[in-house]
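Residue indices begin at 1 and follow the sequence shown. When reading the values below, keep in mind they use all heavy atoms of this one structure, side chains included, and skip hydrogens, waters and symmetry mates.
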Amino acid sequence: QVQLVESGGGLVQAGGSLGLSCAASGSIFSINVMGWYRQTPGKQRELVARIISGRSADYADSVKGRFTVSRDNAKNTVYLQMNSLKPEDTALYYCNAELKLLGATWTSYSYWGQGTQVTVSS
């Protein structure tokens, strides 16, 4: 019913920049939250940044001042601009959307992208 397709990511040297994007498509009525999480082997998935409709963005303390999340509501797309990257930012980055489906607007559903690898070399 809904797909989240991520693009971007890759390999970059410490101090460099990368951008991620994630487009949601399908039977979407509205999207309340779009954002990014990341996960490394053996650790839990953690919030990186997210935008809740009508509110300002939330960021993990570790990325504040370096990462910027933005959203294009018309395109159902969320972006993550990552600057001053550090080796500890290396992870699999997942897009997430909390949304309402057409024909089922009484509840919200959470969807995930397939993940895109970001590797920062020292």
Side-chain angles (χ1 to χ4, degrees):
Q1 286 177 314
V2 174
Q3 279 191 318
L4 300 184
V5 179
E6 299 154 346
S7 59
L11 173 64
V12 66
Q13 287 189 330
S17 299
L18 279 176
L20 306 178
S21 64
C22 171
S25 62
S27 302
I28 300 169
F29 175 76
S30 64
I31 302 178
N32 185 39
V33 185
M34 288 194 86
W36 296 91
Y37 290 71
R38 65 187 181 188
Q39 189 171 21
T40 54
K43 292 189 176 181
Q44 285 191 329
R45 195 171 296 186
E46 63 175 6
L47 174 68
V48 177
R50 66 179 182 178
I51 297 180
I52 301 173
S53 294
R55 291 174 47 182
S56 58
D58 296 327
Y59 293 92
D61 288 342
S62 59
V63 307
K64 283 181 181 176
R66 300 187 298 121
F67 290 12
T68 302
V69 64
S70 60
R71 183 173 158 183
D72 185 334
N73 293 326
K75 296 181 179 180
N76 286 339
T77 299
V78 64
Y79 306 92
L80 185 68
Q81 179 62 38
M82 304 180 289
N83 298 327
S84 303
L85 282 161
K86 304 175 181 180
E88 50 264 44
D89 294 318
T90 296
L92 192 58
Y93 283 69
Y94 293 92
C95 174
N96 174 261
E98 294 180 16
L99 53 85
K100 296 183 185 292
L101 297 173
L102 291 170
T105 57
W106 53 86
T107 191
S108 294
Y109 296 88
S110 180
Y111 287 88
W112 294 90
Q114 77 281 4
T116 185
Q117 180 67 39
V118 171
T119 303
V120 184
S121 63
S122 57

Heavy-atom closest pair (Tyr59 atom, Ala57 atom, distance to 0.1 Å) is CE1-CB, 3.7 Å
Ser122 and Pro87 have their tightest heavy-atom pair at CB-CG, 3.8 Å
Single-linkage hydrophobic cluster [X]~[Y], side-chain heavy atoms < 4.5 angstrom:
X	Y	result
Val2	Met34	yes
Tyr79	Tyr111	no
Ile31	Trp36	yes
Phe67	Leu18	yes
Val33	Val78	no

Please check this pair: side chain of [X] against backbone of [Y], looking for a donor-acceptor N/O pair closer than 3.5 Å.
X	Y	result
Glu6	Cys95	yes
Arg50	Asp58	no
Thr77	Lys75	yes

If we only count heavy atoms from C-beta on, is the [X] to [Y] side-chain gap below 4.5 Å?
X	Y	answer
Gln39	Glu46	no
Leu11	Val118	no
Met82	Val120	no
Thr40	Thr90	no
Val48	Leu80	yes
Gln1	Leu101	yes

To the nearest 0.5 Å, tell me how far [X] [atom1] sits from [Y] [atom2].
X	Y	atom1	atom2	value
Gln114	Leu4	CD	CG	8.5 Å
Ser25	Asn76	OG	CG	8.5 Å
Ser121	Gln13	OG	CD	5.0 Å

Ion pair Asp89/Lys86, N-O distance below 4.0 Å: no
Checking Arg71 against Ser53 for the side chain to side chain donor-acceptor pair (under 3.5 Å) test, could you report, in this order, the C-alpha distance in whole Å, the side-chain angles of both residues, the deciding distance, and whether it holds?
CA-CA 10 Å; Arg71 183 173 158 183; Ser53 294; 3.3 Å; yes
For this session: Kindly indicate, with the supporting measurements, whether the criterion side chain to side chain donor-acceptor pair (under 3.5 Å) is fulfilled by Asn96 and Ser110.
Result: CA-CA 7 Å; Asn96 174 261; Ser110 180; 2.9 Å; yes
Should the ring pair Tyr37 and Trp112 be called parallel, tilted or perpendicular, given that the plane angle runs from 0 to 90° and is split at 30 and 60? perpendicular
Could you go through the side chain to side chain donor-acceptor pair (under 3.5 Å) check for Thr116 and Arg38 one step at a time?
CA-CA 9 Å; Thr116 185; Arg38 65 187 181 188; over 6 Å; no
